[in-house]
Amino acid sequence: MRMSQLFSTTLREVSADAEVASHQLLLRAGYIRQLASGIFSYLPLAQRALKKVEDIIREEMDAIGGQEITMPVVHPAEIWQRTGRYYAIGSEMSRFKDKNERDMVLAMTHEEVVADLVSREIKSYRQLPQLVYQLQTKWRDDPRPRSGLIRVREFTMKDSYSLDADWEGLEKQYRAHYQAYFNIFHRCGIGAIAVASDTGMMGGKVAHEYMYLTPIGEDTLLLCDGCGYSANRQIATFQREGADREDLLEKEEVETPNMQTIEELAAFLDIPTSRTSKAVFMMATTGEGEAQQDRFVLAVIRGDMEVNETKLANAVGAREMWPASAEEIAAVGAVPGYGSPLGVEGALVVVDPSVADAANLAAGANRAGFHTRNVNCGRDYTPDITTDIAAAGEGDGCPRCGKPMRTSRGVEVGNIFQLGTKYTDALGGEFLDADGKTQPVIMGSYGIGVGRLLACVAEESHDEHGLIWPISIAPYQVLITLLAKGEGEAQTTAEAMYHQLREQGLDVLLDDRRENPGVKFNDADLIGIPVRLTVGDRGLKKGVVEFKLRRDSERSEVPVDEAVERAIGAVRQLEGELSDRIVEVPYSE
RNA sequence: CGGGGUGUGGCGCAGUCCGGCUAGCGCACCUGCUUUGGGAGCAGGGGGUCCUCGGUUCGAAUCCGAGCACCCCGACCA
């Protein structure tokens with residue numbers, strides 16, 4: 001490609017809206033342009049890089065037995081109604097009617113369509129196992145797109161679906177993905193870790209998320225350096241200290257004027273915050289279809305701990321949860337700032353073991369200006385549910401080995417789910433087993449956000465001057481910077497190298513623009529092509545051209561007739577370094 | 001959906017508080033000449049519904065009202 005013909009141009013300045021490095025650089029270097037919130041165009045340079053990422057994914061999927069297919073972006077609502085997700089998912093799924101007034105949806109994922117295909121294609125256990133995948137557009141009307149390509153509404157996802165006759169088969173395909181995903185991320189030049197995760201709207205039991213660790217990540221992870229335990233904070237558990245045995249004391253109301261926070265209360269009563277309990281008021285939508293209802297949830301936890309809303313939502317079976325309003329709180333007889341389950345009616349009371357197992361805690365009296373000492377769960381109020389709803393944090397003990405855990409931020413670049421039969425049950429995805437019995441096909445689903453992955457690579461690999469692409473996904477492998485505006489020896493030489501490198505099968509970009517050298521060098525750094533040859537009259541007088549790797553600061557001179565070979569050698573070496581990073585990763589639950 | 005912020009040539013901004021005459025600046029773009037190894041110089045030039053609608057006024061980018069879009073922080077996802 002000749003840079004003079006390139007569709008996109010680089011920008012000197014970029015909107016102040018772009019905050020993260022990948023967003024700024026992809027905009028400035030002319031890779032992407034935003035059309036609307038969370039909706040981007042991918043210009044030629046990005047398209048080429050994305051294509052390379054996709055091809056790496058295809059190779060790894062094919063290697064574990066995948067067959068590529070393409071499923072529709074527009075689905076009839078009916079299949080989503082049959083699995084219940086039409087009702088369980090909120091405004092994130094876009095719905096519309098076709099010209100015949102038939103309800104339709106835009107695809108946010110494809111379990112339903114796969115299950116429908118299974119019902120049509122799979123008849124016998126002899127046809128299993130199967131693995132199908134696609135690279136296709138998803139639309140998720142996300143409540144809050146952000147950080148450029150990290151979180152968008154329209155995006156390309158690689159989604160694969162495993163189909164098995166039994167759970168052992170699912171486990172096998174699941175583990176194959178587990179390793180294939182590491183291969184994909186390593187080949188794209190980033191590290192990622194697999195963490196145990198919530199299953200969210202997918203349902204199912206076992207799930208892992210692949211996290212690229214970065215401070216700009218939206219997820220908080222708990223990691224144990226002792227035993228390797230890792231989990232998303234949404235589901236992370238931790239070791240609880242054993243509760244001291246204490247005799248239950250008489251409860252006693254005390255005046256606590258203007259003590260609305262746990263810290264103020266604990267200081268006032270001269271007790272540690274761990275001797276208090278606090279209440280969190282939420283509204284939760286539970287049930288499905290006709291049975292759907294909004295319930296008031298009162299969550300109780302020790303004063304020094306935080307409620308984990310994902311755990312709480314899972315505990316009460318909520319599909320949506322949001323903070324209760326002042327009116328709703330008053331309606332059950334609770335008082336904000338002085339809240340507890342004492343005397344509350346009509347609320348679903350969920351108690352964390354930190355409170356259920358402790359004795360004589362200070363809690364709100366549900367009366368403005370008063371708290372109650374020596375409150376005991378079970379004696380003074382009865383919980384509807386007692387379960388872990390506590391958020392794990394930095395320093396909490398690892399649930400496996402007890403060592404203090406650390407936290408880290410991460411971006412979810414992929415996930416894998418053991419789904420089971422939820423979708424095939426709902427949509428008739430059945431087969432006959434060897435005994436002639438009808439069985440539901442067991443599914444797994446596995447996703448990778450392609451654009452998000454590209455953005456993570458950009459986050460991982462850049463400097464103050466611009467992008468530094470790994471050779472595997474760089475839009476071009478070699479850039480020839482021609483420092484001459486007119487015809488002459490430099491132009492002739494650069495053109496010759498351009499053709500030779502292309503004949504060798506390399507992706508080459510030739511900067512033949514009529515620009516000053518400074519502009520070309522700065523754009524070269526910005527765009528991030530890994531290998532650069534600079535051809536100018538000054539070097540040619542000495543019979544050399546300049547060779548430089550984007551990631552290195554040093555440049556070297558090579559004789560003109562060795563330059564092509566040198567560039568090819570550099571590309572091969574960079575490729576070799578990347579493939580050396582592919583390692584077997586032990587499976588961890 | 002709650003809180004905060006921003007909308008002015010392609011991009012980045014000033015002007016808005018305190019209404020005023022051809023709406024400025026930098027970058028980018030076009031033409032010519034010069035320059036040519038780390039974002040060149042001079043000269044000339046093109047391009048703007050000042051987010052939209054409504055109102056106040058002799059007069060609105062500026063004041064008032066409503067709406068829309070985008071960004072950031074929270075609840076949610078690849």
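Note on naming: letters A, B, ... go to the chains in the order of the sequence lines (proteins, then strands), and numbering restarts at 1 for each one.
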Taking salt bridge (Lys or Arg N to Asp or Glu O under 4.0 Å) as the criterion, tell me which of A/Arg409, A/Arg146, A/Arg233 meets it with A/Glu218.
A/Arg146

Does the structure show a Watson-Crick or G-U wobble partner for B/U36, both distances under 3.5 Å? Name it, or say none.
none

As a test of reading the structure: which of B/C77, B/G39, B/G38 is closest to the side chain of A/Arg452, going by heavy atoms?
B/C77

NA contact type, A/Val411, heavy-atom cut-off 4.0 Å: base, sugar-phosphate, or nothing?
nothing

To the nearest Å, how far apart are A/Met108 CE and B/C76 P?
14 Å

Determine the interatomic distance between C1' on B/U57 and the same-named atom on B/U62; round to the nearest Å.
13 Å

Among B/A78, B/G38, B/C70, which nucleotide has an atom closest to any side-chain atom of A/Asn415?
B/A78

Closest to the side chain of A/Arg140, out of B/A78, B/C76, B/C70, is B/A78

Determine the sole option in A/Phe417, A/Tyr181, A/Tyr174 for which the ring-ring contact (aromatic ring centres under 6.0 Å, His included) test with A/His208 is passed.
A/Tyr174

Any base atoms under 4.0 Å from A/Ser197, or only sugar-phosphate, or nothing? Heavy atoms, all strands.
nothing

Just to be sure I understand the rule, does A/Gly451 reach a base, reach only the sugar-phosphate, or reach nothing, if contact means heavy atoms closer than 4.0 Å?
nothing

Opposite nucleotide pairing with B/U31, Watson-Crick or G-U, both atom distances under 3.5 Å
B/A43

Respond yes when some side-chain nitrogen or oxygen of A/Arg144 is under 4.0 Å from OP1 or OP2 of B/C76, and no when none is.
no

Residue-phosphate contact under 4.0 Å: A/Arg151 side-chain N/O, B/C77 OP1/OP2:
no

Considering Watson-Crick and G-U wobble pairs with both distances under 3.5 Å, what does B/C68 pair with?
B/G7

Measure from the side chain of A/Asn522, starting at C-beta and using heavy atoms only, and say which of B/G39, B/C76, B/A40 lies closest.
B/G39

Between A/Phe281 and A/Ile329 the two heavy atoms that sit nearest each other are CD1-CD1, 3.5 Å

Check every strand shown and say whether A/Asp525 touches a base, only sugar-phosphate, or nothing at a heavy-atom separation below 4.0 Å.
base

Please classify the nucleic acid contact of A/Gln34 as base, sugar-phosphate, or nothing, using heavy-atom distances under 4.0 Å.
sugar-phosphate

When rounded to the nearest Å, what value does the distance between P atoms of B/A61 and B/G67 take?
23 Å

Quick one: CD on A/Gln47 to CD1 on A/Ile32, what's the gap to the nearest 0.5 Å?
13.0 Å

Looking for any heavy atom pair under 4.0 Å, which part of the strands does A/Arg555 touch: base, sugar-phosphate only, or nothing?
base

Thinking salt bridges, do A/Lys278 and A/Glu306 make one under a 4.0 Å N-O criterion?
yes

When the C1' atoms of B/G4 and B/A43 are considered, how many whole Å apart are they?
48 Å

C1' atoms of B/A23 and B/A69, separation to the nearest Å
23 Å

A/Met71 and A/Gln134 have their tightest heavy-atom pair at N-OE1, 2.8 Å

Any donor-acceptor N/O pair under 3.5 Å between B/C72 base and A/Asp17 side chain
no

Whole-Å gap separating P (B/C71) and CG (A/Leu27):
11 Å

Would you indicate what A/Asp159 reaches in the nucleic acid, counting non-hydrogen atoms under 4.0 angstrom: base, sugar-phosphate, or nothing?
nothing

C1' gap between B/G12 and B/C70, integer Å
16 Å

How is A/Arg233 classified with respect to the nucleic acid when contacts are heavy atoms under 4.0 Å: base, sugar-phosphate, or nothing?
nothing

Starting at atom CD of A/Glu19, determine the distance to atom P of B/G4, rounded to an integer number of angstrom.
18 Å

Give, ordered by number, those residues of residues 177-195 of chain A having at least one heavy-atom distance below 4.0 Å to an atom of RNA chain B; if nothing qualifies, reply none.
none

Check the phosphate of B/C72 against A/Arg146, side-chain N and O only, distance under 4.0 Å to OP1 or OP2. Yes or no?
no

Measuring from the side chain of A/Phe155 (C-beta onward, heavy atoms only), which nucleotide among B/A78, B/C70, B/C72 has the closest atom?
B/A78

For A/Val413, answer base if it contacts any base atom (sugar-phosphate contacts may also be present), sugar-phosphate if it contacts only those atoms, and nothing otherwise; contact means non-hydrogen atoms under 4.0 Å.
sugar-phosphate

May I have the distance from A/Glu309 (atom CD) to B/C1 (atom P), rounded to whole angstrom?
19 Å

Sidechain N-carboxylate O distance under 4.0 Å for A/Asp463, A/Arg550:
yes

Say we look at B/C72 and B/U35: how far apart would their C1' atoms be, to the nearest angstrom?
45 Å

Below 4.0 Å: OP1/OP2 of B/A69 and any side-chain N or O of A/Ser37
no

In whole angstroms, the gap separating P of B/C77 from CE of A/Met321 amounts to 12 Å

Checking all strands, does A/Gly414 fall into the base, sugar-phosphate, or nothing category for heavy-atom contacts under 4.0 angstrom?
sugar-phosphate

Classify the nucleic acid contact of A/Arg514 as base, sugar-phosphate or nothing, counting any heavy atom under 4.0 Å across all strands shown.
nothing

Side chain of A/Phe417 - closest among B/C70, B/A28, B/A78
B/A78

Send over the distance from A/Ile39 CD1 to B/C71 P, rounded to a whole Å.
10 Å

Given B/C72, B/C76, B/G39, the nucleotide with the shortest approach to the side chain of A/Glu218
B/C76

Salt-bridge criterion met for A/Lys311 and A/Asp352 (N-O under 4.0 Å)
no

What does A/Ala524 touch in the nucleic acid at a heavy-atom separation under 4.0 angstrom: a base, only the sugar-phosphate, or nothing?
nothing

Main chain of A/Ala18, side chain of A/Gln24: is a donor-acceptor contact present, judged purely on distance under 3.5 Å?
yes

Tell me the interatomic distance from A/Lys548, atom NZ, to B/G38, atom C1', rounded to whole angstroms.
11 Å

Would you indicate which nucleotide in B/G39, B/C76, B/C11 comes nearest to any side-chain atom of A/Glu13?
B/C11

Determine the Euclidean distance between corresponding C1' atoms of B/G54 and B/G3; express it in Å to zero decimal places.
28 Å

Does A/Arg95 count as lying over the ring of A/Tyr86, i.e. NZ or CZ under 6.0 Å from the six-ring centre, within 45 degrees of the axis?
yes

A/Glu111 has an atom CD; how far is it from atom P of B/A78, in whole Å?
9 Å

For A/Asp537 and A/Trp322, take the nucleotide of RNA chain B holding the closest heavy atom to each; which residue's nucleotide lies nearer the 5' end?
A/Asp537

What contact category does A/Asn516 fall into here, base, sugar-phosphate, or nothing, at under 4.0 angstrom with non-hydrogen atoms?
base

Nearest-nucleotide 5' precedence on RNA chain B, A/Phe521 against A/Val14:
A/Val14

If the C1' atom of B/C18 is compared with that of B/C13, how far apart are they to the nearest Å?
22 Å

Between A/Lys51 and A/Asp55, is there a side-chain N and carboxylate O pair less than 4.0 Å apart?
yes

Complement of B/G74, any strand, by Watson-Crick or G-U distances under 3.5 angstrom
B/C1

Looking at side-chain heavy atoms only, is the closest gap between A/Val307 and A/Met282 below 4.5 Å?
no

